[in-house]
Each structure stands twice: as structure tokens, then as C-alpha cells.
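Here the structure comes first, spelled out in C-alpha cells, and everything after it is commentary.
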Amino acid sequence: MDKENKNDENLIDDEDIIDENLENDEEFIDGEIVDDEDQIIDESYESSDLNDDVIEEDFNEFKDKYQRLLADFTNYKQREEASKADFKKYAVGNLVEKLLPVLDNFDRALKDQDPEDGLVKGIVMTRDEMIRVLEKEGLELIESDGCLFDPNIHQAVLAEDSDKVESDHIIETFQKGYKLNNKVIRPAMVKVAK
């Protein structure tokens, strides 16, 4: 109990000291405020005394950081959109490559058939519909017969002398070539004139 009474008395004494200091107008307490960056700001500073150059410098620094961040974010968004577009563009590439032998089989099946036969007409319609669907996805046939040989899109399997076709032109196509969105996915296999 005695300890509690002493603590209470100490509290009362401290309050009296504070009250006496407040009542005494002659005493002045000079205080300082410290911000997060450990810079000392004098309380006697008034807002009109702040240096405009420092404020403008800070503003320009933050503005510069904001503009750089905004530019980085804009560039990031553009890269991501381009990446998504490329992914969508070429995502079907694997499937289209697997369907190319099916198109070849349709062509082989129709090679020496009567075009007036009902079954042949059905196969032609199916093949044409499949080609239309693949063309909508970006598939494009590489021109070959009678064209100038281009090693970027044609693969020469044979070369022979020919009086009917000019030199370095394609005589015959053994297997059709295709591009997907302007990228060669299968070169045309051809016979070239010497």
C-alpha cells in the first residue's frame, strides 16, 4: 500500500510541476520535430519561410519518377498485348501442321477420280471447307508450278533439263507447301529446271 501511495504522490507532484511551467510566461521551450528521414525541422519555422526551390525540386523529382513509372507500365502493357497476339497467332500452328497430311490425303484421293461422281463431290466439298477454315486461321498455299525457285519457300527434290520451262523455274510440285501467318510451316517439295 505504501508503494501505491508514493506513486500517487509522485504523479501529483509531476502534474504540479507541469502546471507551474505553463503558468510561468517567462520560460520558453524550444522544441524540434524529427521526421522519418531524421531531418530536424525547427518548430519556429512558418510555412511562408519554406524554400520554394526545395519544394519545386521535390515536385520535379516526384513528377519525373511518376512519368518514368507510367512509361514503364505502358511499355509493359504493350509488350504483353503483343505477346498475347503472337501467342494467339501461332497457337494453332501445331494443329494446322498435323492437319496438312490430311489435306494431302484428300488431294491423293481425288487425283484420278471422276469429278461428276457423288462421292468425289462430297470429298471435294469437305476438303474445300477444311481449307476455308484453315485459311481463316492464317494458312496460305505456297505457289510453286511454273514459278521461279525460291529456296526460302521451296525444297528442290529433283533438278532436270527442260525445254518447256525456263531455267531455275519449277517444273512439278510433289508436295504442296504452306505458310501460316506469313511463316513457312512446310516448304513445297518441287522439281526444278536446270
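For clarity, every value in this text was computed on a predicted model and none was experimentally measured. For the single chain, residues carry numbers from 1 onward in sequence order.
Between the CZ atom in Phe149 and the OG atom in Ser167 there is a gap of 11.5 Å [rounded to 0.5 Å]. The CD atom of Gln155 sits 13.0 Å away from atom CG of Asp150, with the distance rounded to the nearest 0.5 Å. Taken from CD1 in Ile123 to CG in Leu119, the straight-line distance is 4.5 Å, to the nearest 0.5 Å. Rounding to the nearest 0.5 Å gives a distance of 9.0 Å between CG of Leu134 and OH of Tyr178. A distance of 11.0 Å separates CG in Leu99 from CG in Asp104, rounded to the nearest 0.5 Å. With rounding to the nearest 0.5 angstrom, the CD atom of Glu116 is 6.0 Å from the CG atom of Asp114.
The main-chain N or O of Arg79 is never found under 3.5 Å from a side-chain atom of Ser83 such that the two would form a donor-acceptor pair.
For Glu57, the CD atom counts as loosely surrounded, since its 6.0 Å shell holds 12 or fewer non-hydrogen atoms of other residues, nucleotides or ligands. Summarising the local packing, CD of Glu166 is surrounded by 12 or fewer heavy atoms from other residues, nucleotides or ligands at distances under 6.0 Å.
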Quick one, Leu70 with Asp72, criterion side-chain contact (heavy atoms from CB on, under 4.5 Å). Give me CA distance, side-chain angles, the key distance, then yes/no. CA-CA 5 Å; Leu70 183 63; Asp72 287 344; over 6 Å; no
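A heavy-atom distance below 4.5 Å is not found between the side chains of Leu180 and Glu140.
By the salt bridge (Lys or Arg N to Asp or Glu O under 4.0 Å) test, Arg108 is found to be paired with no residue, residues two or more places apart in sequence or in another chain being considered.
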